[in-house]
Amino acid sequence: LWVGNGSTVLVNMEQMGDRHQQIFNVAAMTARLLQSQTAMNHTKQLEWLSRGSVYLVATHMMGESGFGTLNQYKKSWLHTLHEKAQWPNLAALKTRKDWTAAQDTYGQEIISAESELAAEYLLNRYGWKSFYDWYVAASETKDADKAFETVYGKTSKDFAVAFEYYLMEQ
């Protein structure tokens with residue numbers, strides 16, 4: 001479908017399916033490129049936010065292109081989680097290895113929905129710029145957790161606990 005090398009991305013649009021998938025994938029690749037070049041890959045220590053923020057940007061772009069609203073997607077993500085009634089705590093999604101293990105246990109749809117909801121939660125409280133600020137802070141500190149605390153005012157572990165309560169109330 002696509003290959004990236006530094007700042008160059010080659011895309012085979014024919015292999016990306018329908019317009020919906022094309023918009024999501026191109027937006028996600030662009031957001032991931034911004035993230036990796038800004039944070040110098042130091043966001044990988046918080047995989048749930050690294051992926052969640054990228055997926056959220058891509059979802060926003062789908063909304064801008066007429067494929068639903070962010071609020072509609074949020075309702076869908078909540079439905080996905082509550083339908084299964086089981087999901088990992090965000091603290092269990094810190095590394096790529098954690099993500100893969102959770103994916104094997106819960107499925108891609110569940111952990112993606114959870115990470116998108118967590119990013120949306122942060123977006124509503126801190127705005128789009130907070131993601132960029134986190135990328136910059138991660139690059140400067142070389143520590144995604146320390147950057148998270150700098151930008152969001154709490155540790156990622158404390159946020160994971162608060163977010164779990166938020167999900168149960170929804």
Side-chain angles (χ1 to χ4, degrees), residues 1-2 13 15-35 43-135 144-145 148 151-170:
L1 297 178
W2 67 277
M13 294 296 281
Q15 296 296 314
M16 283 196 184
D18 63 14
R19 186 87 173 124
H20 179 271
Q21 283 298 329
Q22 290 172 350
I23 292 167
F24 183 88
N25 285 322
V26 170
M29 285 184 281
T30 304
R32 178 73 76 186
L33 194 58
L34 170 69
Q35 182 185 87
T43 60
K44 294 299 181 189
Q45 300 157 333
L46 278 180
E47 192 72 16
W48 66 264
L49 184 53
S50 178
R51 289 183 188 236
S53 61
V54 165
Y55 295 163
L56 192 64
V57 167
T59 302
H60 176 73
M61 291 310 301
M62 288 191 319
E64 290 291 312
S65 300
F67 291 102
T69 65
L70 195 51
N71 196 46
Q72 289 169 325
Y73 286 104
K74 177 184 176 181
K75 287 178 183 176
S76 172
W77 300 329
L78 284 167
H79 176 76
T80 296
L81 290 184
H82 291 299
E83 184 177 63
K84 299 290 183 188
Q86 271 192 321
W87 55 84
N89 185 283
L90 289 176
L93 299 173
K94 287 188 76 167
T95 67
R96 182 170 285 168
K97 183 178 178 182
D98 296 338
W99 183 275
T100 301
Q103 183 176 313
D104 292 344
T105 302
Y106 299 96
Q108 179 67 35
E109 187 178 24
I110 292 290
I111 60 173
S112 290
E114 184 180 11
S115 68
E116 289 159 329
L117 282 164
E120 189 272 341
Y121 182 94
L122 292 170
L123 168 66
N124 281 335
R125 281 146 188 82
Y126 301 96
W128 286 108
K129 187 176 178 302
S130 71
F131 298 132
Y132 180 76
D133 292 344
W134 178 62
Y135 304 159
D145 278 310
F148 186 93
V151 173
Y152 298 110
K154 61 180 74 173
T155 66
S156 64
K157 185 176 180 180
D158 289 344
F159 174 77
V161 171
F163 183 68
E164 192 71 23
Y165 284 112
Y166 166 79
L167 286 178
M168 289 187 281
E169 293 172 356
Q170 297 302 302

When you measure from the side chain of S53 to the backbone N and O of L49, does any donor-acceptor pair fall under 3.5 Å? yes
If we only count heavy atoms from C-beta on, is the L122 to F148 side-chain gap below 4.5 Å? yes
Residues that E114 engages under side chain to side chain donor-acceptor pair (under 3.5 Å), provided they are two or more places apart: none
Of all the heavy-atom pairs spanning W134 and A144, show the shortest one and how long it is. NE1-O, 3.1 Å
Applying side chain to side chain contact (heavy atoms under 4.5 Å, CB included) to V151 and Y126, what does each step give before you reach the verdict? CA-CA 9 Å; V151 173; Y126 301 96; 6.0 Å; no
Test side chain to side chain contact (heavy atoms under 4.5 Å, CB included) on L56 and Y73; report intermediate values, then the result. CA-CA 10 Å; L56 192 64; Y73 286 104; over 6 Å; no
E169 side chain to Y166 main-chain N or O, any donor-acceptor pair under 3.5 Å? no
Any side-chain heavy atom of F131 within less than 4.5 Å of one from V54? no
Of all the heavy-atom pairs spanning A118 and F159, show the shortest one and how long it is. O-CZ, 4.0 Å
Can you give me the closest heavy-atom contact between D158 and T155, atom names plus distance? N-OG1, 2.9 Å
CD1/I110 to CD/Q108 distance, rounded to the nearest 0.5 angstrom? 10.5 Å
Can you run down the salt bridge (charged side-chain N to carboxylate O under 4.0 Å, His left out) pairs that involve residues 121-133, sequence neighbours left out, and say none if there aren't any? K129-D133
Check side chain to side chain donor-acceptor pair (under 3.5 Å) between D145 and all other residues, then give those that pass, not counting sequence neighbours. K94, S156
Tell me, do T95 and T100 make a side-chain contact under 4.5 Å, heavy atoms counted? no
Considering non-hydrogen atoms only, spot the tightest contact between R96 and E47 and give its length. N-OE1, 3.9 Å
What's the shortest heavy-atom distance between A102 and L93, and which atoms? CB-CD2, 3.3 Å
By side chain to side chain donor-acceptor pair (under 3.5 Å), which residues pair with Y152, not counting sequence neighbours? S130
Sorted by chain and number, sequence neighbours left out, side chain to side chain donor-acceptor pair (under 3.5 Å) with W48 holds for none
With a cut-off of 6.0 Å (strictly less than), are more than 12 heavy atoms of other residues, nucleotides or ligands near OH of Y121? yes
Can you tell if the side chain of L167 reaches within under 4.5 Å of the side chain of L78, non-hydrogen atoms only? yes
Test item: F67 and Q72 side chains (from C-beta on) under 4.5 Å apart, heavy atoms: no
Is any side-chain heavy atom of P88 less than 4.5 Å from a side-chain heavy atom of I111? yes
Is the number of heavy atoms from other residues, nucleotides or ligands within 6.0 Å of CD (E109) greater than 12? no
Just by distance, with hydrogens left out, do E116 and W77 show a side-chain donor and acceptor under 3.5 Å apart? yes
If a pair satisfies salt bridge (charged side-chain N to carboxylate O under 4.0 Å, His left out) and one of its residues is in residues 60-89, list it, with sequence neighbours excluded. K74-E120
I want to check something: taking the side chain as every heavy atom from C-beta on, are W87 and H82 in contact at a cut-off of under 4.5 Å? yes
Interatomic distance, CG@L117 vs CG@L123, rounded to 0.5 Å, equals 12.0 Å
Enter the distance from L81:CG to Q170:CD here, rounded to the nearest 0.5 Å. 10.5 Å
Checking side chain to side chain contact (heavy atoms under 4.5 Å, CB included) for the pair N89/F163: CA distance, chi angles, key distance, verdict? CA-CA 9 Å; N89 185 283; F163 183 68; over 6 Å; no
Point-to-point distance, once rounded to the nearest 0.5 Å, from OG of S115 to OH of Y55: 6.0 Å
Ignoring hydrogens, what is the shortest heavy-atom contact between A160 and A91? Give both atom names and the distance. CB-N, 3.8 Å
